[in-house]
Number of protein chains: 2
Amino acid sequence: MKMQNFKYEGSGLNRFFGPLEAKIMEILWNNAEEMTIKDVQQKLDKEAKANNFNTVMTVMNRLVDKGVLQKKAVARSSQYKPVVTREAFMETQSKELTLDLIEEFGSLAVTHMVDALDKVDPGLLDQLEQKIKEMKKDR
Amino acid sequence: MKMQNFKYEGSGLNRFFGPLEAKIMEILWNNAEEMTIKDVQQKLDKEAKANNFNTVMTVMNRLVDKGVLQKKAVARSSQYKPVVTREAFMETQSKELTLDLIEEFGSLAVTHMVDALDKVDPGLLDQLEQKIKEMKKDR
DNA sequence: CGACTCCTACTACAATTTGTAGTGTAAGGA
DNA sequence: TCCTTACACTACAAATTGTAGTAGGAGTCG
């Protein structure tokens with residue numbers, strides 16, 4: 001399950017998926033249980049306008065092809081669920097992106113980090129400072 | 001000039017552009033002067049296999065549409081040059097991405113930053129520590 | 001058993017992005 | 001006037017994402 005892009009537009013799952021894909025993943029991840037296409041379709045319908053069953057199926061099966069969803073064939077209707085938890089997914093993306101960012105921009109990124117952290121949540125600055133200390137201590 | 005994606009694959013300009021677009025931007029940014037399509041095409045030909053003039057033109061004009069290149073109509077052949085310097089471009093992307101990363105992942109990103117910095121270049125850790133101190137002092 | 005419902009597979013189309021390239025036109029020089 | 005050449009316009013292909021029709025098969029109900 002290799003993501004292609006991190007999108008500048010949107011937020012949350014929309015950074016990684018198309019709009020419909022994101023909504024579907026959202027639903028799957030919000031449900032502890034495995035779900036059928038119908039389940040997902042009905043949840044979608046509650047939120048927005050009616051979605052064609054086949055549309056939902058196609059997108060879900062594409063997500064299976066991409067390795068994001070797992071499909072278990074059951075008698076009447078197949079069960080789908082994410083391959084990894086949302087937390088694990090975000091963890092992976094965060095790690096990958098952070099590494100890429102630093103590889104790509106090096107000290108340029110460092111400069112912006114401090115500003116960005118301060119802007120988003122100054123508490124994160126202390127957290128970061130703490131992490132650095134720990135890292136250095138371990139050597 | 002709003003970029004769409006940061007690609008996980010590739011490196012450098014390939015993170016932001018298609019392969020040919022990236023090569024073209026590379027050439028434009030490496031040349032202090034404005035260049036014609038022909039200039040760019042010939043540079044490309046030196047590096048790789050022959051490129052059709054029209055192909056280069058189409059891609060360059062698309063880059064103009066995207067606001068990445070500027071086109072100045074001259075008598076016989078138009079002059080093209082990047083709207084911003086490579087440094088300014090990288091600066092903008094770095095800033096944008098860092099902010100997005102932190103908005104999206106918050107403290108998750110903080111954790112990975114330290115590891116990533118240590119992995120790529122431990123010297124960056126000191127730099128970061130320094131920056132944090134400065135930021136805090138100013139308050 | 002036969003008819004019906006409903007899930008699934010297969011297929012197809014549209015828009016967008018990126019690479020590729022042909023054709024036609026117009027402008028400038030010989 | 002004719003020719004070269006740059007440019008505009010147009011088109012097509014592959015990939016990505018959203019959308020949806022059709023057909024077949026499997027279970028259900030009478």
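In the text below, chain A, chain B and the rest are named by the order of the sequence lines, each starting its count at 1.
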Among [options], which nucleotide sits nearest the side chain of [X]?
X: B:I37; options: C:dG19, C:dC6, D:dC7; result: D:dC7
X: A:M57; options: D:dT17, C:dA9, C:dG28; result: C:dA9
X: B:F53; options: D:dC7, D:dT17, D:dT19; result: D:dC7
X: B:N52; options: C:dA27, C:dA21, C:dT20; result: C:dA21

Please give, in whole Å, the distance from [N] [atom2] to [X] [atom1]?
X: B:L20; N: D:dA15; atom1: CG; atom2: P; result: 18 Å
X: B:L13; N: C:dT18; atom1: CG; atom2: P; result: 14 Å
X: B:K72; N: D:dA6; atom1: NZ; atom2: P; result: 18 Å
X: B:M25; N: C:dG19; atom1: CE; atom2: C1'; result: 17 Å
X: A:M3; N: D:dT17; atom1: CE; atom2: P; result: 9 Å
X: B:M60; N: C:dG19; atom1: CE; atom2: C1'; result: 15 Å
X: A:R76; N: D:dT28; atom1: CZ; atom2: C1'; result: 8 Å
X: B:K23; N: C:dT18; atom1: NZ; atom2: P; result: 15 Å

- Query: Between B:K38 and A:K7, who's closer to the 5' end of DNA chain D by nearest nucleotide?
  - Reply: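 Closest to the 5' end, via its nearest nucleotide, is B:K38.
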- Query: Hey, which of these two, B:R62 or A:F16, hits DNA chain D nearer its 5' end, going by closest nucleotide?
  - Reply: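 Checking each residue's closest nucleotide, the 5'-ward one belongs to B:R62.
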- May I ask you to check whether A:F16 and B:F6 place their ring centers less than 6.0 Å from one another?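 No - the distance between ring centres of A:F16 and B:F6 does not fall below the 6.0 Å cut-off.
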If only side-chain N and O atoms of [X] are considered, is one of them under 4.0 Å from the OP1 or OP2 phosphate oxygen of [N]?
X: A:S77; N: C:dC6; value: no
X: B:S78; N: D:dC7; value: yes
X: B:N61; N: D:dA8; value: yes

Touch class at under 4.0 angstrom, heavy-atom based, for [X] against every strand present:
X: B:E21; value: sugar-phosphate
X: B:T58; value: base
X: B:K66; value: sugar-phosphate
X: B:K71; value: sugar-phosphate

With the threshold set at 4.0 Å, does a side-chain nitrogen-carboxylate oxygen contact exist between [X] and [Y]?
X: B:E129; Y: A:K136; answer: yes
X: A:D100; Y: B:R15; answer: yes
X: B:K81; Y: B:E33; answer: no

- Hey, which sits more toward the 5' end of DNA chain C by its nearest nucleotide, B:V59 or A:T36?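 It is A:T36, whose closest nucleotide lies nearer the 5' terminus.
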- Donor-acceptor pair (no angle test) under 3.5 Å: B:N54 side chain, C:dT23 base: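 Pair found.
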- Give a yes or no on whether the backbone of A:W29 and the side-chain of A:R86 come within a donor-acceptor separation of less than 3.5 Å.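 Judged by distance alone, no pair lies under 3.5 Å.
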- Query: Distance only, no hydrogens: is a donor on one side chain within 3.5 Å (strictly under) of an acceptor on the other, for A:Y80 and A:D39?
  - Reply: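 No - no donor-acceptor pair under 3.5 Å links their side chains.
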